[in-house]
K.L.:
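Pasting in a structure now, in structure tokens, and then I'll have a few things to ask.
Order of the sequence lines sets the chain letters (A, B, ...), proteins ahead of strands, with each chain counted from 1. As the structure is a prediction and not an experimental result, all values here were calculated from the model.
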There are 2 protein chains.
Amino acid sequence: MGKCEQCIIKQFNALKSLSKEELVRISSCKTSMIIKKGDVIFEEGDSINGVYCVKDGICKLSKLSSNGKDQIVKIVVKGDLLGQRSLITGETANLQATALNDMELCFIPKNEIVNDLLNNSKFSFDVLKEMAHDLKEADDIIVNMAQKTVRQRLAETIIYIHENFGTNPDGTLSVLLSREDFANIVGTAVESAIRVLSQFKKEGLIVTIGKRIKINNIEGLKRVE
Amino acid sequence: MGKCEQCIIKQFNALKSLSKEELVRISSCKTSMIIKKGDVIFEEGDSINGVYCVKDGICKLSKLSSNGKDQIVKIVVKGDLLGQRSLITGETANLQATALNDMELCFIPKNEIVNDLLNNSKFSFDVLKEMAHDLKEADDIIVNMAQKTVRQRLAETIIYIHENFGTNPDGTLSVLLSREDFANIVGTAVESAIRVLSQFKKEGLIVTIGKRIKINNIEGLKRVE
DNA sequence: AATGAAATATGATTAAAATCATAATTCCAT
DNA sequence: ATGGAATTATGATTTTAATCATATTTCATT
């Protein structure tokens, strides 16, 4: 099993602020796990009792609404932490985490990491920063949901994924989402999402290769009204 | 000028976790201010350079969207802190804060409080908890915005204000909002908000006394489809 | 009390998106 | 390779909410 103190993934999240000793201790109690595409890591209401560090793969954080639709709130990628919010409030999970492709995760039990949060202020300040960043993004999503059209939200989602998660060598978005996932990010019906994507294609803003999407005219996408 | 160490307001926020010494130091550098109803405390893009502690009054946190509408993201009341998020990330304000009635605020400069965040882990953990709570609420709002009707969102907003901020002796909501404010919380047009409120009135779910709203049938409101 | 502006209210029409229906395509397991 | 399920796609219709147009009411100011 890999050692936390040598793991390069930690550079991308708050764990980088832990001391060598703290990392060695965490390393000895962490569990590694492989999650298959489509599997649920935790669901709403679960007691998570720790945090996950994403070593590889991508997952979605979503919440089931009363109308039966699953709203995606965030995409979590390699290097991110998962479950910090519940860890801090001590509540059960507010969201469901589902793997979008095969994943490799490390699970750090609550007991181990809570002490570090209380004793290592650099670490807790880093977690605070990440949480503050998430809160800003969530506020911005609220504004977009409330005030923008499906067309605008979908254009922005494609740009967001492009800018934050990058592309494959052929230029397609590296995060592969189904049309249903797009609908569940944007908060619309699957048919509406598909329709708008078709429209974008007709307008030359994007190109599709199977279900993969490639941005063809990013300036045009940004100007979508 | 009042002293922080004797101020009862701090019991309602993370400042309660500061030591007597820390409070005395903060007390000596804080500024008290009176803000009139409708005045802007800070706007998007401002460098806040500190946090505000709300001693009295209520304000809204909102963001101007490209369509010209002002989306309200949060209502901040007596006892809450204001500006923590920007303080932590060191960014300029993401939201605008506008007083909904006359307010009394204490402003604590960044320099003073940042040290406490880095040195007093109980305090920073408290701030972390508040931020985690805000993030959960924001996630829930995203889901509601995306998946519920204006009617449902407005019903939930009335219930939320009732449960979180209470009522006046006559039973009306203690937080007095204009129909436009309701529209900007729900993310709809003013006319639509007014129409739905009229409908609620016809259905006997609420009663209005001028612009004030009183819940008449909370179970019915909760069941709104 | 009179005046006028702002806020609230309601109706008519239009626009956006959901829903329902049905093809066409892709993809996976056998 | 092939059948069948899942996904993607598109059309027709309905629903929801926005917009435009006017009243009506409320409220602060003179």
K.L.:
Please round to the nearest 0.5 Å and tell me the distance separating atom CG of A:L61 and atom CD1 of A:I72.
P.N.:
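With rounding to 0.5 Å, CG (A:L61) is 9.5 Å from CD1 (A:I72).
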
K.L.:
Is there a donor-acceptor contact under 3.5 Å linking the side chains of B:Q152 and B:N144?
P.N.:
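On atom types as modelled, these side chains do not qualify, holding no pair under 3.5 Å.
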
K.L.:
Between B:D181 (CG) and C:dA6 (P), how many Å, whole number?
P.N.:
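To the nearest whole Å, that distance equals 16 Å.
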
K.L.:
Checking all strands, does A:K148 fall into the base, sugar-phosphate, or nothing category for heavy-atom contacts under 4.0 angstrom?
P.N.:
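Here A:K148 touches no strand at all.
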
K.L.:
Want to settle it: does A:L177 or B:R151 sit nearer the 5' end of DNA chain D, counting the closest nucleotide to each?
P.N.:
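Its nearest nucleotide lies further toward 5', so the answer is A:L177.
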
K.L.:
Would you mind reading off the distance between A:Q152 atom CD and D:dA18 atom P, rounded to a whole angstrom?
P.N.:
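It is 14 Å, rounded to the nearest whole Å.
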
K.L.:
Roughly how far, to the nearest 0.5 Å, is NZ of A:K63 from CG of A:N94?
P.N.:
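Interatomic distance, A:N94 CG to A:K63 NZ, rounded to 0.5 Å: 3.5 Å.
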
K.L.:
Counting only side-chain heavy atoms from C-beta out, which of D:dT10, C:dA18, C:dA17 sits nearest to A:T149?
P.N.:
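It is C:dA17.
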
K.L.:
I want to confirm an ordering. Mapping A:V150 and A:G210 to their closest nucleotides on DNA chain C, which one lands closer to the 5' end?
P.N.:
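With A:V150 and A:G210 compared, the 5'-side residue is A:V150.
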
K.L.:
How about A:T208 and A:K201: does a side-chain donor come under 3.5 Å of a side-chain acceptor?
P.N.:
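The answer is yes; a qualifying pair exists.
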
K.L.:
Could you state the atom-to-atom distance from NZ of B:K36 to P of D:dA28 in whole Å?
P.N.:
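About 16 Å, once rounded to whole Å.
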
K.L.:
The side chain of B:I194 lies closest to which of these nucleotides: C:dT8, D:dA18, C:dT19?
P.N.:
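Nucleotide nearest to B:I194's side chain: C:dT8.
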
K.L.:
Which nucleotide in the list C:dA18, D:dA18, C:dA7 gets nearest to the side chain of B:K211?
P.N.:
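When the side chain of B:K211 is considered, C:dA7 is the closest of C:dA18, D:dA18, C:dA7.
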
K.L.:
Calculate the interatomic distance between B:I213 atom CD1 and C:dA9 atom P; express it in whole Å.
P.N.:
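Distance, rounded to whole Å: 9 Å.
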
K.L.:
For the side chain of A:K69, counting heavy atoms from C-beta on, which of D:dA9, D:dA17, C:dT19 is nearest?
P.N.:
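Closest nucleotide to the A:K69 side chain: C:dT19.
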
K.L.:
To the nearest angstrom, how far is B:R179 atom CZ from D:dT25 atom P?
P.N.:
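So the two atoms are 15 Å apart, to the nearest Å.
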
K.L.:
Looking only at side chains, do A:D80 and A:N13 share a donor and an acceptor under 3.5 Å apart?
P.N.:
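Result is no, nothing qualifies.
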
K.L.:
If you check every side-chain atom of B:S198, which of C:dA18, D:dT10, C:dA9 has the closest atom?
P.N.:
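Selected nucleotide (nearest to the side chain): C:dA9.
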
K.L.:
Choose from D:dA17, D:dA9, C:dT19 the nucleotide whose nearest atom is closest to any side-chain atom of A:K201.
P.N.:
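For the A:K201 side chain, the nearest candidate turns out to be D:dA9.
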
K.L.:
If you pin A:A193 and A:K37 to their nearest nucleotides in DNA chain C, which one's is more 5'?
P.N.:
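The residue whose closest nucleotide sits nearer the 5' end is A:A193.
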
K.L.:
Let's test your reading of the model: under 3.5 Å, does the base of D:dT19 pair with the side chain of B:R195 as donor and acceptor?
P.N.:
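Answer yes: a donor N or O sits under 3.5 Å from an acceptor.
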
K.L.:
What is the separation between atom CG on B:N184 and atom P on C:dT8, rounded to the nearest whole Å?
P.N.:
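Interatomic distance, CG of B:N184 to P of C:dT8: 12 Å.
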
K.L.:
How long is the line joining CG of B:N67 and P of C:dA16, in whole Å?
P.N.:
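Going from B:N67 (CG) to C:dA16 (P), I get 13 Å.
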
K.L.:
So which nucleotide from D:dA18, D:dT10, C:dT10 ends up closest to the side chain of B:E191?
P.N.:
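Side chain of B:E191 sits closest to C:dT10.
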
K.L.:
Would you mind reading off the distance between A:M145 atom CE and C:dA16 atom P, rounded to a whole angstrom?
P.N.:
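Taking CE of A:M145 and P of C:dA16, I get 19 Å after rounding.
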
